[in-house]
A.B. asks: 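Structure incoming, see below.
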Amino acid sequence: MDYNFKEIESRWQKRWAEQKTFKTENNSSKPKYYVLDMFPYPSGAGLHVGHPLGYIASDIIARYKRHKGFNVLHPMGYDSFGLPAEQYAIQTGQHPALTTETNIARYREQLDKIGFSFDWDREVRTSDPAYYKWTQWIFIQLFHSWYNNTSNKAEHIDGLIKEFENNGNTKVNAACSETKQFTAAEWKAFNEQQQQEILMNYRSTYLSEAWVNWCPALGTVLANDEVKDGVSERGGHPVERKLMKQWSMRISAYAQRLLDGLDHLEWTESLKESQRYWIGKSEGCSLRFKLQGHLSPSLSKGEGEEAGYHTTDSQMWNLLQDKALAMRKNPTPAENALWQYLRNNNTGSHFRRQQIIDRFIVDFVCLSKKLVVEADGDIHDYQQEEDNARTERLNELGYTVVRFRNEEILSDIDTVISEIKRELALKGKVLPSGEDLGGVVIEVFTTRPDTIFGVSFVTLAPEHDLVEKITTAEYKTKVEEYITFAKNRSERERQADVKKITGQFTGAYVIHPFSGKAIPVWIGDYVLAGYGTGAVMAVPAHDTRDYAFARHFSLPIPQVVEGGDIEKEAYDAKEGKLINSDFLNGLDVKAAIKRAIQEVEAKHLGKGKINFRLRDAVFGRQRYWGEPIPIYYKNGIPYTVEEKHLPLELPEVDKYLPTADGEPPLARAKDWTYSPLLGRGAGGEVLETTTMPGWAGSSWYFLRYMDPHNEKEFVSKQAADYWQNVDLYLGGSEHATGHLLYVRFWTMFLKDMGFVTFDEPAKKLINQGMIQGTSEKIIFTIAGTNSETTSPYLWYEEENKFVPTQISHSVRRAFYSAEISNLLYDTDKREINVDVNWVNNNTFNPIYFPEFFKRFPEYETAVFICKGGYYYKGTFYENPFGATGSREFKTKPEVEKMSKSKWNVVSPDKICDDFGADTLRLYEMFLGPLELSKPWNTNGITGVAGFLKKLWRLFHNNNTWSISEEAATKPELKALHRTIKKITEDIERFSFNTSVSNFMICVNELTEVKCNKRSVLEPLLIIISPYAPHIAEELWSLLGHKESIAYAPFPLFDESYLVESSFNYPISFNGKTRLNIELPLGLSNADIEKEVMSREEVQKHLNGGSPKKVIIVPNKIVNIVV
RNA sequence: GCCCCGGUGGUGGAAUUGGUAGACACGCAGGACUUAAAAUCCUGUGUCCUAACAGACGUACGGGUUCAAGUCCCGUCUGGGGUACCA
């Protein structure tokens, strides 16, 4: 019986499906093992041979773990919302659900052909309402939660509302957008709208204004990588930066936890590095630079005068003015006593009482000297923390705060007054009257506070709020010009042209906080508005970008850290001693950073601070084919859809395009309305029209697989407790900073809310490498091709050169076989990709000429020149001057990305048809280490196919089934057990390529001794079955087994079969191996040396001399040093 | 620029902890079987020198550590992937 893989494979695939061989239960006495694959997007192109690489590896692990007695969860499903289906819908009008359905069917068919052991009963699709119901449900949980920095986890928003009712927000330490402080009384006084607006600043998913890449022509927002050189990648339409109200996810709250969690994950180092970099923690400090001189002369007089009195914004003013007035009218006795001494310039300075500054009402303030005087009652003993925060904020604004207790004021008013006068005098000295009247302060963030004395200028982002305020009249025009330039540049050139240094001086100076020197303020677009404070203290000597800027504008470059050569380049390294730096001199960088932060904090110039690069993730999409966001708006305030009305199903629309006024496609839907009582479509409030991004559904799919049909919960507690997180995840590194960060974020969130008990989705993760395609190119010249009678150059093998020759065909275009084309003298050589299926071993197969002409009709009259002649219209003609060369027309191979457009896609179907699924599985593993990228070629596939035939033949004699029940011999058992050992080790370290080699070695050895013993071949089948399951099942059943091989226990390794009695020692001289000597095991080192030295061959190598030293490593090597 | 991963025969790759470099497979060459081809089997195959034995050289390049280096350290070159003015 021949090895008929087609018949065998289809039979077993059918049987596995019918008998639900790989159905997995959620309760089992066996230990659990969860192995998960990358979630595929079902694209129209179908699978190519690169896709199954990871799936085969994970399938081997899954099958291996079943043999090892684990209850294995190995599911598959589809990330089926997404852009390509929507694009296709826009072009053709076909509903994306239909396209998706077709594509999934094709994927499934291809996957089934490869013999994967997925539990298909657990399949999920993100676009299935039964699935996205729960995606929407999780969104609602996020909406109703906030991140408490004190407990360091997300909590339900009800707790926060209670806290507001009891204490206001002064004690709340939350990850939130910037929010004014308010008291409990104020909270209660706010109306619904005000309350909801404040809560929005705290929610884990929230509406906010965000800068996006808006493409008016497409009516949609584009991702950064969809924008190339300022225009949309698709269509080339202009893209502009636009501020848009968007749903966002507060992932930044998790920055520290996402970072810390990495230390405990068995992920590849490169992937963890990518995430660390993306999270981008930098420790440093904020630092305030005061503007020198009076208010900016470029401001109008009125504006400047007002500035001193307007110590808060209008919103706060409206909020607090009544209260301030009431407090003025009803002072406490102590306040009243003090006021009598402070009023009417009695102290020589002008005081105001109950003044609103920022979000506070202070008791007394002298604005010209920026001195705040507070009279504290007993209550302040209990709210010290709050007072400290308040003082800190006032300090930040440049005020000094002095506090007196009520008793002090009432009992000893004279001491209090003299204290206040002393403070006033002090302020007068430090800050000459009027100098800081405007109070303009530029705050910067720096990771190198040690280099504070190396600051030679300050640079603001062109978008920075202060730019307009501080620019002097003299530079006003130039600055405005620059800002216009930078804005345009940020749209178009900024991405493309990053090396170009641009900037503009503002005319303003700030005062160095330590040296008091004047420092010029510049604007430059190398400073990003969105990061840190949008301003940097430039230290050109020790920062490359500042250096380039300083060089370009000839600004000074003072060195403050020893080392490097600042004549040539910036010295960025955090190594060396500080110089020219006052109190930091002599310290090394690390110590100096600490010291500088201490000093900055002591002087209230700033604060030690940690900054993260990680931004909140924009969640809304102006698209159709995604999960609707379960939000409706009442008076413009967003509320979540009732849980009983989920899923909020995607509505039908007439077109998958934005509306005429730029609203997302969902705005086209009829009855896109909601009432909490009646549900969807019953009139009432308007629904949200944006949809969720692709990563929403994929951020929790690993949980749904555990309990895919649960209609009451997204996953049951029991299922989640049983399966826990993924034991092994296989995926590409391209998801490092997207999907793999979001899924960690959602898992942490779900844990915080008590829905699951683990906070990481996958314990171990391996990256599979990419399989690249090998394109086959053919080369042609275009010279003279306009004439129908052009004579091509033919190859004259004898003389090894081209000869122009008249041939009797009318010719347009000449293609040249690759091995001679480089000898062609013609600079205008071009190449086209031909279908890789037309090519074998870099040789174009002439039977495909008709297909070639069908695809390229313009080349129908081309000649294809080989060494021995040429093809014309598919027929071969010998060279007129003697046909001595080959008739093969060679192609030029080139490794490129596997893609339809390059005609180099190899579908796994073809391999399955030609060689079988087992061969495909083995061959993909045999190609090399899983994590390495490699080009696909089928050069070695015959070796793997041959191996399976050889395995088949072990069970047959002259095509007849032939199995012996005799006891196995020692060498047979040795071969088997060595293989068991190696395969086990290989699988455990995911070295699948070496296991295939080891199977080959084993089968070669057994073939050599003509082994057909059941006791050897049965265990061998089990260890091979994870790799080649079809042939294993077939032979297993032919051996008489009724049950599938899938759950047969993995054979136990028995060391005793491998015990040797001797070892063949390599004998090396000075590390170079010269000969081998077979010696019995268990000899002492001395005996070995004696035995070795006594050998004639060894003495011959010594050449009469005596060895200096003999090194003996038992069972390894003998090295003789001469 | 920065970060990460690589560089071993004609090719894919092996060498797991510093201990015989090139396992296994492809390709190539020669042979057997065959009218022939396919399939199958056998032999050889890192480079140089050699009739052969032997020998010399060899893991991108240059140094170093070691009895011993593909493996560890320093420097250089080079390929691939990621990322981008992140202060």
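Values below: every heavy atom of this structure, side chains too, minus hydrogens, waters and symmetry copies. Letters go in sequence order (proteins before strands), and every chain restarts at 1.
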A.B. asks: With a 4.0 Å cut-off on N to O distance, would you call E273(A) and R276(A) a salt bridge?
C.D. replies: yes

A.B. asks: So which nucleotide from A14(B), U20(B), U83(B) ends up closest to the side chain of I1117(A)?
C.D. replies: U20(B)

A.B. asks: Which nucleotide sits closest to the side chain of E985(A): C26(B), U16(B), A87(B)?
C.D. replies: U16(B)

A.B. asks: Students often get this wrong, so: under 4.0 angstrom with heavy atoms, is V1121(A) touching a base, only sugar-phosphate, or nothing?
C.D. replies: sugar-phosphate

A.B. asks: Looking only at heavy atoms, which two atoms of F999(A) and I1023(A) are closest? And how far apart?
C.D. replies: CZ-O, 3.3 Å

A.B. asks: Regarding F926(A), tell me which of base, sugar-phosphate or nothing describes its non-hydrogen contacts under 4.0 Å with the strands shown.
C.D. replies: base

A.B. asks: Relative to the 5' end of RNA chain B, which residue comes earlier, K1109(A) or K982(A), by the nucleotide with the nearest heavy atom?
C.D. replies: K982(A)

A.B. asks: Under 4.0 angstrom, heavy atoms only, what part of the nucleic acid is D543(A) near: base, sugar-phosphate, or nothing?
C.D. replies: nothing

A.B. asks: Looking only at non-hydrogen atoms, find the nearest pair between F549(A) and T502(A) and report the distance.
C.D. replies: CE1-O, 3.3 Å

A.B. asks: Taking a pair as Watson-Crick (N1 to N3 plus N6-O4 or O6-N4) or G-U wobble (N1-O2 and O6-N3), both under 3.5 Å, which stems of 3 or more consecutive pairs involve RNA chain B?
C.D. replies: B:1-7 with B:77-83, B:10-12 with B:24-26, B:27-32 with B:40-45, B:46-48 with B:55-57, B:60-64 with B:72-76

A.B. asks: T1073(A) side chain: which of U20(B), A23(B), A39(B) is closest?
C.D. replies: U20(B)

A.B. asks: Among A87(B), G13(B), C67(B), which nucleotide sits nearest the side chain of N993(A)?
C.D. replies: G13(B)

A.B. asks: On a plain distance test, is the side chain of N1119(A) in donor-acceptor contact with the base of C67(B) below 3.5 Å?
C.D. replies: yes

A.B. asks: Using a heavy-atom cut-off of 4.0 Å across all strands, would you classify R615(A) as base, sugar-phosphate, or nothing?
C.D. replies: base

A.B. asks: Return the value, rounded to whole Å, for the distance between atom OH of Y3(A) and atom P of A39(B).
C.D. replies: 17 Å

A.B. asks: Quick one about N1012(A) and N957(A) (side-chain donor to acceptor, distance below 3.5 Å, no hydrogens or angles considered), yes or no?
C.D. replies: no

A.B. asks: Among A25(B), A15(B), A56(B), which nucleotide has an atom closest to any side-chain atom of R1074(A)?
C.D. replies: A56(B)

A.B. asks: Assign F445(A) to base, sugar-phosphate, or nothing according to its heavy-atom contacts below 4.0 angstrom with the strands shown.
C.D. replies: base

A.B. asks: Heavy atoms under 4.0 Å, any strand shown: does N1004(A) hit a base, just sugar-phosphate, or nothing?
C.D. replies: sugar-phosphate

A.B. asks: Report the residue (K950(A) or L927(A)) whose heavy-atom-nearest nucleotide on RNA chain B is the more 5′ of the two.
C.D. replies: L927(A)

A.B. asks: Taking any heavy-atom pair under 4.0 Å as a contact, classify I1001(A): base, sugar-phosphate, or nothing.
C.D. replies: sugar-phosphate

A.B. asks: Mind calculating the distance between CH2 (W278(A)) and C1' (C2(B)) to the nearest angstrom?
C.D. replies: 15 Å

A.B. asks: Could you check whether R989(A) pairs with E985(A) (Lys NZ or Arg NE/NH1/NH2 to Asp/Glu carboxylate O, under 4.0 Å)?
C.D. replies: no

A.B. asks: Can you figure out which of C41(B), G19(B), C26(B) approaches the side chain of K1116(A) most closely?
C.D. replies: G19(B)

A.B. asks: Could you check E1091(A) against Y1065(A) for side chain to side chain contact (heavy atoms under 4.5 Å, CB included), going step by step and ending with a plain yes or no?
C.D. replies: CA-CA 11 Å; E1091(A) 185 58 35; Y1065(A) 275 95; over 6 Å; no

A.B. asks: Show the nearest heavy-atom pair for residues P462(A) and Y482(A), with the distance to one decimal.
C.D. replies: CG-CE2, 4.1 Å

